[in-house]
Amino acid sequence: MAAAAPPPPPTPTPTPPSTVPADSTPIGHPLFSRVRLAGPSDVPHIHKLIHQMAVFERLTHLFSATESSLSANLFSSPPFRSFTVFILEVSPKPFPENSPHDSNPNYTPVVRIINSDLPVEDPEREIFKSENENVVVAGFVLFFPNFSTFLGKPGFYVEDIFVRECYRRKGLGKVLLSAVAKQAVKMDYGRVEWVVLDWNVNAIRFYEEMGAQILPEWRICRLTGDSLQVYGNDN
């Protein structure tokens with residue numbers, strides 16, 4: 001048996017990638033991230049993201065959304081008053097100046113820099129290209145207003161939040177949720193809530209670290225498909 005090598009000199013404890021304001025000096029391989037309001041032209045990307053989410057959650061047998069059904073339902077009302085989608089985009093370079101998204105009267109995009117030691121390898125870069133050669137769609141969050149009778153205030157319910165696999169564990173999910181929370185605070189809403197699958201321990205830990213309360217005593221009740229039709233047509 002070979003002799004054990006001497007222990008290496010102590011090294012600083014590595015820190016995870018962090019989100020910093022966009023005007024900070026990037027280090028290593030910076031990943032520029034932007035949360036912006038989605039529009040009808042984003043439907044093809046949203047549809048692909050939802051399908052990837054169904055695969056991740058092992059629920060493809062329930063997936064029946066089409067681009068047409070998304071287009072018909074998502075953008076018929078003003079944002080934040082009905083179904084609203086934030087798109088998460090990333091780029092290895094700063095986002096283009098004078099982007100049309102910067103002049104959207106309903107929402108000013110949130111830009112952050114994720115400092116990372118290594119570049120991100122994105123095998124699906126081509127199919128998720130967005131504004132230009134460098135900008136790609138990395139995720140989304142879909143939410144809409146609900147109402148808390150106990151608080152006497154509206155809130156936001158997050159139906160879906162998803163970050164593509166190669167961009168996970170970089171703080172981008174927090175960037176998305178923070179954008180929703182910031183909008184709720186701006187509108188004086190009382191809370192933001194969502195559900196998480198009980199086997200997704202990484203997500204549960206992440207939400208708890210954010211300060212979210214996990215409510216195990218609550219259960220989702222759902223009428224859909226034939227059951228919905230039966231009760232919907234009950235005279």
Side-chain angles (χ1 to χ4, degrees), residues 19 22 33-54 56-57 59 62-90 95 99-112 128 130-131 135-149 151-164 167 171-197 203 206-207 210-212 220 222 224:
T19 56
S33 69
R34 176 172 67 187
V35 176
R36 64 168 175 82
L37 197 62
S41 63
D42 294 304
V43 164
H45 284 146
I46 294 171
H47 184 256
K48 289 193 288 283
L49 289 168
I50 295 173
H51 182 263
Q52 287 193 357
M53 181 175 61
F56 173 74
E57 294 182 347
L59 296 173
L62 300 178
F63 178 79
S64 61
T66 64
E67 291 186 18
S68 295
S69 64
L70 295 174
S71 296
N73 291 287
L74 285 183
F75 305 106
S76 57
S77 299
F80 312 123
R81 303 299 179 183
S82 183
F83 315 118
T84 303
V85 178
F86 281 159
I87 288 289
L88 170 68
E89 294 173 320
V90 296
F95 289 96
S99 166
H101 303 300
D102 295 335
S103 58
N104 189 318
N106 294 305
Y107 187 74
T108 301
V110 175
V111 178
R112 295 286 184 268
F128 280 101
S130 185
E131 187 169 338
V135 179
V136 296
V137 172
F140 81 110
V141 59
L142 187 154
F143 58 102
F144 49 86
N146 60 5
F147 192 85
S148 168
T149 53
L151 295 178
K153 281 186 171 185
F156 280 138
Y157 181 80
V158 176
E159 176 67 22
D160 289 318
I161 180 170
F162 182 75
V163 175
R164 289 170 50 215
Y167 295 106
L172 291 169
K174 185 176 181 179
V175 171
L176 274 171
L177 273 177
S178 295
V180 179
K182 183 177 181 180
Q183 186 65 32
V185 170
K186 179 180 179 181
M187 298 175 68
D188 194 30
Y189 280 13
R191 67 187 184 192
V192 175
E193 59 185 354
W194 61 95
V195 298
V196 60
L197 292 166
F206 165 65
Y207 296 143
M210 285 183 61
I220 297 172
R222 177 178 292 164
T224 188

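Computed from a prediction, not measured in an experiment: that's the story for all the values here.
Residues that satisfy the side chain to side chain contact (heavy atoms under 4.5 Å, CB included) test with Leu62, not counting sequence neighbours, are Leu59. With sequence neighbours excluded, the residues forming a side chain to side chain donor-acceptor pair (under 3.5 Å) with Asp42 are Arg36, listed by chain and number. Every residue two or more places apart in sequence or in another chain that forms a ring-ring contact (aromatic ring centres under 6.0 Å, His included) with Phe143 is listed here: Phe86, Phe156. Remark: Lys48 engages no residue in a side chain to side chain donor-acceptor pair (under 3.5 Å) (not counting sequence neighbours). Contacts of Phe147 classified as ring-ring contact (aromatic ring centres under 6.0 Å, His included), with partners at least two apart in sequence or in another chain: none.
Pro109 and Asp102 make their closest contact through CG-OD1, 3.8 Å (heavy atoms, listed as atom of the first residue, atom of the second, distance). Minimum interatomic distance between Gly139 and Leu176 (heavy atoms only, all atoms of both residues): C-CD1, 4.5 Å. Of all heavy-atom pairs between Phe95 and Glu89, the closest is CZ-O, 3.7 Å. Ala138 and Tyr167 make their closest contact through CB-CD1, 3.7 Å (heavy atoms, listed as atom of the first residue, atom of the second, distance). When every heavy atom of Val192 is checked against every heavy atom of Ala181, the shortest pair comes out as CG2-CA, 4.2 Å. Among all heavy-atom pairs drawn from Ile161 and Gly173, the shortest one is CD1-O, 3.8 Å.
Once rounded to the nearest 0.5 Å, the distance linking CG of Leu49 with CZ of Phe128 reads 4.5 Å. Atom CD1 in Ile50 sits 7.0 Å away from atom NE2 in His47 (nearest 0.5 Å). Within the model, atoms CZ of Phe140 and CD of Gln52 stand 10.0 Å from one another, a figure rounded to the nearest 0.5 Å. One distance of note links OG1 of Thr84 with OH of Tyr107; it measures 11.0 Å at 0.5 Å rounding. Separating the CD1 atom in Ile87 from the NE2 atom in His45 is a distance of 8.5 Å, to the nearest 0.5 Å. Annotation: the span from Leu151 atom CG to Arg191 atom CZ amounts to 5.5 Å, rounded to 0.5 Å.
Using modelled atom types, one side-chain atom of Ser71 and one backbone atom of Glu67 make a donor-acceptor pair closer than 3.5 Å. A distance-only check finds a donor-acceptor pair linking the side chain of Arg164 to the backbone of Val137 [under 3.5 Å].
Between Lys174 and Phe206 the shortest side-chain heavy-atom distance falls below 4.5 Å.
Between Phe144 and Phe83, the ring-plane angle classifies as perpendicular under the 30° and 60° cut-offs.
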Which donor-acceptor pairs under 3.5 Å do side chains of residues 74-82 form with protein atoms, sequence neighbours excluded?
none

Would you check, one step at a time, whether the test side chain to side chain contact (heavy atoms under 4.5 Å, CB included) holds for Ile46 with Leu142?
-> CA-CA 10 Å; Ile46 294 171; Leu142 187 154; 5.8 Å; no
